[in-house]
Amino acid sequence: MASLLLRNIGVLYQAETQPRPLVRGRDMATLPHLNDAWLLMDNGLIAAFGPMSSCPDRADEVIDVAGNMVFPGWCDSHTHIVFAATREEEFVARIQGLSYEEIARRGGGILNSARKLQAMSEDELFEGAWGRLQEVIRYGTGAIEIKSGYGLSLDSELKMLRVIRRLKERSPIPIKATFLGAHAIPVEYKERRQDYIDLVIQEMLPQVAAEGLADYCDVFCDFGFFTPEETGQILEAGWKHGLKPKIHANELGLSGGVQTGVKHGAISVDHLEYCSDVEIEALKSSQTMPTLLPSCAFFLGIPFGPAREIMDADLPLVLATDYNPGSSPSGKMPFVVSLACIKMKMLPEEAINAATLNGAAAMELSHECGSIAPWKRANVWISKGIKSLAALPYSFGSDVVGQVIVNGKAFYSQP
Ligand code: NIG
Ligand code: FE
């Protein structure tokens with residue numbers, strides 16, 4: 001594979017010579033960087049970087065970045081990009097006054113997505129998800145997690161996970177797969193919830209594990225979905241099959257989801273739109289990473305999570321898109337970073353740390369993604385039309401991603 005040299009980089013951000021696994025609390029306000037730099041990629045990996053005064057004079061290909069900034073690819077640790085159809089009819093129903101919970105109670109929401117997904121072929125699902133994957137790479141995403149959870153039957157959950165496996169095989173960026181069979185209780189199990197939980201535990205999990213289809217196990221632990229006790233049963237069964245928990249918690253209220261995630265050793269607890277001192281206290285005595293999904297809060301009009309309180313507690317905050325048809329129909333990480341700064345008062349440096357290095361840690365990918373460090377993957381993007389770090393979140397409506405490099409090769413260039 002060829003080498004690629006970027007020269008005349010205005011600022012090279014998140015450049016590390018001593019790679020860190022993640023960054024927490026006060027340290028999140030610091031983003032390592034190098035002014036007036038070059039970056040050499042070789043064989044798909046970061047090879048070296050340094051100041052322009054020591055720029056190498058040869059490489060197979062050279063791009064003059066002309067003073068623009070270079071960032072590591074975003075690490076989007078929470079998405080649902082395998083789905084059959086968008087749900088704009090529910091969006092209009094919410095404009096007219098229905099809540100997300102009410103739509104779900106009436107059989108819409110996740111159950112609506114499940115009906116459509118069950119009727120769609122694996123090939124069609126793959127094509128849709130492949131298109132979304134290409135889309136988010138153009139926004140600069142360099143690693144991604146993808147969940148099942150719109151199947152809600154053995155066959156359809158396996159179908160979704162096989163689509164994710166095909167995406168993994170073809171994707172130029174790393175993908176982690178999460179089994180989310182416990183995303184909602186299907187209508188036919190409404191009066192016998194435990195039967196569905198037993199199906200997840202006794203039939204879905206063993207098959208998912210036997211086929212090696214998932215890296216993690218997720219449960220939507222929230223009011224109207226799965227209780228902490230039910231969540232615990234499923235997460236313990238997941239552990240028995242080698243699947244670490246990574247869960248949805250506290251999107252709809254103080255549901256006990258965060259404490260449940262912590263108790264069962266979750267890698268991350270995601271959403272946390274409702275998060276009090278009690279949840280933060282529970283997180284402090286754990287390795288579980290709190291993940292906020294501000295485009296979901298924005299789209300549903302629910303509270304934004306307490307980013308500042310989480311960072312003040314010296315925790316490693318993560319940001320992700322939650323790209324899905326119901327609560328966040330956007331996979332645009334630059335917009336997530338803008339929302340984090342605008343609505344949650346995160347500093348640009350804090351938001352970028354949360355969306356890169358900490359996102360990588362929330363997918364156990366810190367060794368290969370999340371920063372620009374020797375021997376990590378050469379997945380980076382080059383800014384366009386912005387002159388400072390703060391201009392990135394500030395320019396929330398503009399296309400700030402000029403070029404995307406994946407595995408040391410040009411992937412996309414803004415027209
Ligand atoms: O992360 N909250 C649960 N799951 C998704 C939304 C699913 C849907 O509405 O389709 C989320 O918000
Ligand atoms: Fe989600």
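One-based numbering, in listed order, for ligands and for the atoms of each.
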### Task
Dump the intermediate steps for side-chain hydrogen bond (donor to acceptor under 3.5 Å, both in side chains) on N353 and T356, then the final yes or no.
CA-CA 5 Å; N353 272 315; T356 56; 4.9 Å; no
For [atom], the protein heavy atom that lies nearest, with its residue and separation:
atom: atom 2 (N) of ligand 1; value: E251 OE1, 2.5 Å
atom: atom 11 (C) of ligand 1; value: D322 OD2, 3.1 Å
atom: atom 4 (N) of ligand 1; value: H183 NE2, 2.7 Å
atom: atom 12 (O) of ligand 1; value: S327 OG, 2.5 Å
atom: atom 9 (O) of ligand 1; value: Y100 OH, 2.5 Å
atom: atom 10 (O) of ligand 1; value: Y150 OH, 2.6 Å

### Heteroatom test (N, O or S) for H248 near the Fe ion (ligand 2), limit 2.8 Å
yes
Decide, yes or no, whether a salt bridge links [X] with [Y] under the criterion of side-chain N to carboxylate O below 4.0 Å.
X: E368; Y: K376; result: no
X: E229; Y: K263; result: no
X: R166; Y: E122; result: yes
X: K147; Y: D218; result: yes

### Query
Which atoms of ligand 1 sit under 4.0 Å from any heavy atom of H271?
1 (O), 2 (N), 11 (C), 12 (O)
### H78 neighbourhood, listing ligand 1 atoms whose heavy-atom distance to it stays under 4.0 Å
1 (O)
### Task
Please say which of K332, H78, E135, H80 ends up in a side-chain hydrogen bond (donor to acceptor under 3.5 Å, both in side chains) with Y323.
E135
### Query
Quick one: does F83 get within less than 4.0 Å of ligand 1, heavy atoms only?
no
### Message
Measuring from non-hydrogen atoms of F225 to any atom of ligand 1, is the shortest distance under 4.0 Å?
### Response
no
### Query
Just by distance, with hydrogens left out, do S148 and E157 show a side-chain donor and acceptor under 3.5 Å apart?
yes
### Identity of the N, O or S atom of H80 lying closest to the Fe ion (ligand 2)
NE2
#### Entry: Nitrogen or oxygen of R87 less than 3.5 angstrom from that of ligand 1
yes
### Query
Does the ring center of Y13 lie less than 6.0 Å from the ring center of F71?
yes
### Query
So is R94 actually on top of F299's ring, under 6.0 Å and inside 45° of the axis?
yes
### Query
How many degrees, to 10°, between D322 OD1 and H78 NE2 as seen from the Fe ion (ligand 2)?
90°
